[in-house]
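Chain letters run A, B, ... following the sequence lines, proteins first and then strands; every chain starts at 1. As the structure is a prediction and not an experimental result, all values here were calculated from the model.
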Number of protein chains: 2
Amino acid sequence: MPSADRRLQPRRKPRQVRAELTRERILTAAAHVFAEYGYAAGTTNRVAERARVSIGSLYQYFPNKDALLAELLLRHIDRGTWPQADRLELTPGSLEKTVRALVRDAVDHHRDDPHLLRIMIEEATISQEVLDAIDRHGRVRVAQVRDLLARHPDVHVRDLGTAAELIVFTVEMNTHKLMAAPQTIPVETFENELVDMVTRYLSGGGPQQPADPSPPGG
Amino acid sequence: MPSADRRLQPRRKPRQVRAELTRERILTAAAHVFAEYGYAAGTTNRVAERARVSIGSLYQYFPNKDALLAELLLRHIDRGTWPQADRLELTPGSLEKTVRALVRDAVDHHRDDPHLLRIMIEEATISQEVLDAIDRHGRVRVAQVRDLLARHPDVHVRDLGTAAELIVFTVEMNTHKLMAAPQTIPVETFENELVDMVTRYLSGGGPQQPADPSPPGG
DNA sequence: CAGTATTGTGAACAATCGCTCAGCTCTCTG
DNA sequence: CAGAGAGCTGAGCGATTGTTCACAATACTG
């Protein structure tokens, strides 16, 4: 990257441990405040107050409000990206286990930020730099899943790319719903059904129908 | 409901057609402004400006900003709820058509409000009255789909309730994504894949597996 | 057409926002 | 312990927000 956005650079870099600690406290507070109030109502004063730091200190390490959000999102993204992709078994009959691992991974990824990521993306004016990072992250994730599907013997779908995009989004959204609001239905039941849906979808095309009597186009 | 929220009642009711028209213009403008700017940045002045009405007029018919959002959401909800549920054919082999009708219905329901509903629910502080209506709407929709699945001969799932909740949410979210952002993948392709996933899920349990060698509970 | 109720106007207010800056406290160095 | 620089404070600035209110414009009534 040739040049980072100037408006995301801090006034001064921390040189003592004390400062580094303050910076971290501010960031943690921002995560909580944004998650609780949303971005617009999550004011910088509230963030400073929660961090038990004066508003001036906040603006020593973050040039503006958007910079707080930018760093939070970038951290969240960098932490993800599915490190255990290689350790999954890709033997016949293991598809359900593989899918379940995908779902569990999504759960882990969502646990620390109940609303954050989603709210922020919808609400705030995010710098192009961060938007690109998010987009890149999504693409990488879809590509990973696509490769996984391609290597798995039980997967039979028309188009791997579309299938990967569909299930990544579906798993992510359902997981988000699962984590955000306590449901009437038990979590395990819902997870089982989600796993079933994806598994049946991916393996369902196996014995291909020889002819389609009436194509759905209309 | 014994008593509506006082803070959602207008100052005065319109008695001339002129006033009714103004009220409608304000509401339409609010829908567009909120959808474009989000709730926080969609200021009342912007709404009044777009409606070609002074800010004072706005506050004659809506006691505050939240009342605008409340009425928009309630209208959106009352308009929905799937009127064509009875006209679907429930003969063997028609499951894909039924699912596709579900998806198409979701598309229609989302067409007029590109972001509105989703953004609003996440962002704003919504009165309990409106939250209840939204909740009620979701429950009705899930119940309708559950009944539909129950009556369809090709549907074989463990739990109809969970399945209905899962597919309603999944279809709704994927449709929203489909409408909101122009994809790299063609819309038809994505729709076909979504229909396939749900169809295979619902019919996949048909020839029940006699025994499950390793239950997934962990 | 005069009189009255209804509707529409927009400058201005109080509250709150993101953010600054002059000056304080703390830590490091010798 | 004294000087210097790094870290921290918080009252307050300008801008913007949701909202009000005194008044003008318009529509109904007799």
Side-chain angles (χ1 to χ4, degrees), chain A residues 5-27 29-30 33-34 36-72 120 123-127, chain B residues 6-30 33-34 36-72 120 123-127:
Chain A
D5 196 330
R6 285 275 270 306
R7 285 166 301 191
L8 298 181
Q9 298 290 48
R11 307 249 189 281
R12 214 187 293 178
K13 270 199 170 182
R15 304 185 183 276
Q16 303 176 8
V17 271
R18 174 169 58 130
E20 198 77 54
L21 230 74
T22 305
R23 220 189 98 95
E24 220 57 35
R25 280 228 309 285
I26 293 169
L27 224 43
V33 168
F34 288 161
E36 185 171 356
Y37 294 89
Y39 186 65
T43 71
T44 52
N45 286 285
R46 252 195 265 265
V47 171
E49 187 182 10
R50 165 129 198 176
R52 299 190 169 283
V53 154
S54 90
I55 183 65
S57 292
L58 189 153
Y59 279 95
Q60 266 195 341
Y61 301 109
F62 302 93
N64 50 51
K65 193 185 179 185
D66 285 349
L68 279 170
L69 179 65
E71 174 131 0
L72 282 177
M120 304 296 111
E123 195 173 338
T125 311
I126 301 180
S127 74
Chain B
R6 284 276 269 307
R7 286 166 301 193
L8 298 181
Q9 298 290 49
R11 308 248 188 284
R12 214 186 295 176
K13 269 198 170 182
R15 305 185 182 277
Q16 304 176 8
V17 269
R18 177 170 56 132
E20 198 77 54
L21 228 74
T22 305
R23 219 189 98 95
E24 220 58 35
R25 281 225 309 284
I26 293 170
L27 224 43
T28 312
V33 168
F34 289 162
E36 185 171 356
Y37 293 89
Y39 185 65
T43 69
T44 51
N45 286 286
R46 252 196 265 265
V47 170
E49 187 182 10
R50 166 132 196 174
R52 298 189 167 284
V53 153
S54 89
I55 183 65
S57 291
L58 190 153
Y59 279 96
Q60 265 194 343
Y61 301 108
F62 301 94
N64 52 51
K65 195 185 179 186
D66 285 349
L68 280 169
L69 180 65
E71 175 130 358
L72 282 177
M120 304 294 112
E123 196 172 338
T125 313
I126 301 180
S127 73

Given atom CG of Leu58(A) and atom P of dC19(C), what is their separation to the nearest angstrom? 9 Å
So, do Tyr59(A) and Thr44(A) sit near enough that their side-chain heavy atoms are less than 4.5 Å apart? yes
Want to settle it: does Gly42(B) or Gly56(B) sit nearer the 5' end of DNA chain D, counting the closest nucleotide to each? Gly42(B)
Using heavy-atom distances to pick each residue's nearest nucleotide on DNA chain C, tell me which of Asn45(B) and Ala41(A) is more 5'. Asn45(B)
Any side-chain N or O of Thr43(A) under 4.0 Å from OP1/OP2 of dT16(C)? no
Quick one: is Ser54(B) getting a side-chain N or O under 4.0 Å of the dG10(C) phosphate, OP1 or OP2? no
Determine, stepwise, if the pair Tyr61(B) / Leu27(B) fulfils side chain to side chain contact (heavy atoms under 4.5 Å, CB included). CA-CA 10 Å; Tyr61(B) 301 108; Leu27(B) 224 43; over 6 Å; no
Gln60(B) has an atom CD; how far is it from atom C1' of dA5(C), in whole Å? 12 Å
Step by step, work out the side chain to side chain contact (heavy atoms under 4.5 Å, CB included) result for Tyr39(A) and Asp66(A). CA-CA 9 Å; Tyr39(A) 186 65; Asp66(A) 285 349; 2.3 Å; yes
Proximity to the side chain of Ser57(B) - top-ranked nucleotide from dT19(D), dT9(C), dT9(D): dT9(C)
dC8(D) OP1/OP2 closer than 4.0 Å to side-chain N/O of Tyr61(A): yes
CG of Asn64(B) versus P of dA14(C): gap in Å, rounded? 20 Å
What pairs with Glu24(B) under salt bridge (charged side-chain N to carboxylate O under 4.0 Å, His left out), at least two apart in sequence or on another chain? Arg75(B)
Any chance you could list the contact pattern along nucleotides 22-30 of chain D? Use B for base contacts, S for sugar-phosphate-only contacts and - for none, protein heavy atoms under 4.0 Å, 5' to 3'. ----BS---
Decide side chain to side chain contact (heavy atoms under 4.5 Å, CB included) for Tyr37(B) and Thr43(B); before the verdict, give the C-alpha distance in whole Å, the side-chain angles of both, and the deciding distance to 0.1 Å. CA-CA 9 Å; Tyr37(B) 293 89; Thr43(B) 69; over 6 Å; no
Using a cut-off of less than 4.0 Å, is there contact between a side-chain N or O of Thr22(A) and OP1 or OP2 of dC8(D)? yes
State whether Phe34(A) and Lys65(A) meet the cation-pi test: NZ (Lys) or CZ (Arg) under 6.0 Å from the six-membered ring centroid, and within 45° of the perpendicular axis. no
Is Arg46(A) salt-bridged to Glu36(A), going by a charged N under 4.0 Å from an acidic O? no
Is any side-chain N or O of Tyr59(B) closer than 4.0 Å to OP1 or OP2 of dT20(D)? no
